[in-house]
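One structure below.
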Amino acid sequence: MKRTIFLQDENAVWLKGNLHSHSTMSDGRLTPEEMKEAYKHHGYDFLVISDHDRYTNTKNMTEEDFTMVQGFELYGNATNDKDIHIHILFDDNFDEFEHGQYIHLPERTGVATKAFCEEMRAKGAYIMLNHPHWSMLTSAEVEVDSFYHAVELINYESEWLENVGDGTVFWTEMLFKGARLWGGGADDNHNGDPVDSMYSGSFGGWTVVKAKDRSANSIIEALKTGSFYTSTGPEIYDFYVDGDEVHVVCSPCERIYIGGQHRCHQRKIGRHVTEFVTKLKGKEKFVRAEVMDAAGRSAYTNPIWLD
Ligand SMILES: [Zn+2]
Ligand SMILES: [Zn+2]
C-alpha cells in the first residue's frame with residue numbers, strides 16, 4: 001500500500017507561498033500591494049498578509065496567476081517573555097471578520113483562548129503555532145492534543161536577523177510526544193529594510209503546497225491535509241511509503257535524511273543526490289524526510305504516520 005501526504009491528483013499544481021507577513025496595517029513597512037508585487041516578482045504563487053491582531057482583507061487582490069490567502073497573527077504576551085503567537089488562516093468562504101477589524105486573544109493561554117481557537121478551527125480555520133524558539137516556548141508547554149494544525153519550522157526574518165527562527169527541534173519533540181502536527185515555513189517579513197537589502201526578512205523561508213488548483217480555498221485545503229513541504233532552498237518532488245520502503249525525490253542535494261521514532265534515522269550523502277529509496281527499520285511510528293543542499297539550506301516533508 002502506498003501512503004503519502006501529497007495530494008494524488010494528476011491535475012494538481014505545486015504552488016510556492018509565504019504564509020506569514022506584516023503590512024502597513026500593523027507594524028510592516030510595505031503596503032499589501034507592494035508586498036504582493038515583490039512576491040510576484042520573486043516567483044511566488046501566493047501570499048498571506050497576516051497582520052498582528054488585525055485582519056487585512058486582500059481577497060480582491062487575487063489575480064489569475066497570484067493568490068492572496070486570508071489570515072492574521074494573534075499574540076499573547078507574558079511578563080516572562082514567553083510569548084505565544086498564533087496564526088489563523090482561512091479560506092474565502094470564511095466571513096467572520098471585516099477588513100481592518102482588530103481581533104485579540106482572550107488571554108495568553110488558558111481556557112478562553114483554547115475555546116476561541118477551537119471555535120476558529122471548527123469553523124474551518126487553519127491554525128499554526130508561530131516561531132516557538134523566538135517565543136522561548138518549550139515542547140513541554142504545549143499539549144499533545146491541541147487546536148494547532150502545524151508548527152512554524154522556519155521563521156526566516158527572526159532566523160536571519162536574530163538566529164531564533166528555527167522551530168525544527170520543538171516540532172520534533174512534539175512529534176516524539178505523539179502530537180500530529182504539520183510543519184510550515186514562512187518569512188514573517190516586516191520589511192524594515194528594502195526587500196533586496198542584506199537585512200531583508202523576505203524570500204528566505206516558504207511553503208510549497210500541492211493543491212487541486214490555485215484558489216485560496218484549495219491552498220487552505222492542502223495545508224489542512226498536509227499536502228505541502230517547507231523549504232529554505234531545495235525542492236521536494238515526491239515522498240511516500242510503499243510497503244516497507246520509503247521514497248524521497250528532490251532537487252540536487254548533498255544529504256537526504258529519513259527520520260522517525262526509535263532512532264530510525266537513515267541517510268544518503270553525495271554530490272548531487274536526487275533520490276533515496278530505503279527500507280523502513282520497522283519500529284517507526286511515523287517517517288519524515290529532510291533534504292539539504294550544498295549551501296546548508298533544507299527542505300522538510302510532513303510526517304507520514306504508519307498506523
Ligand atoms: Zn509572531
Ligand atoms: Zn509575524
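For the single chain, residues carry numbers from 1 onward in sequence order. Counting starts at 1 for both ligands and their atoms, following the listed order.
Side-chain contact between Glu162 and Trp134 is present, with heavy atoms from C-beta onward closer than 4.5 Å. Contact annotation: the side chain of Leu223 approaches that of Leu19 to within less than 4.5 Å [non-hydrogen atoms, C-beta and beyond].
Looking only at N/O/S atoms, His85 comes nearest to the Zn ion (ligand 1) through ND1. When you scan the N, O or S atoms of Glu73 for the one nearest the Zn ion (ligand 2), you land on OE1. His22 contributes NE2 as its N, O or S atom closest to the Zn ion (ligand 2).
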**OP:** Please assess Arg180 against Asp307 for the test salt bridge (Lys or Arg N to Asp or Glu O under 4.0 Å), listing each intermediate value before the final yes or no.
**Re:** CA-CA 12 Å; Arg180 303 220 168 190; Asp307 50 16; 2.4 Å; yes

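Among the atoms of Asp188, an N, O or S atom is found under 2.8 Å from the Zn ion (ligand 2). Residue contacts to the Zn ion (ligand 2): His52 brings no N, O or S atom closer than 2.8 Å. Distance check for His20 against the Zn ion (ligand 1): none of its N/O/S atoms falls below 2.8 Å.
Judged by distance alone, with hydrogens and angles left aside, the side-chain atoms of Glu221 form no donor-acceptor pair with the main-chain N or O of Ile219 at under 3.5 Å.
Ring orientation note: the planes of His131 and His85 are nearly perpendicular, at an angle over 60° on the 30°/60° scale.
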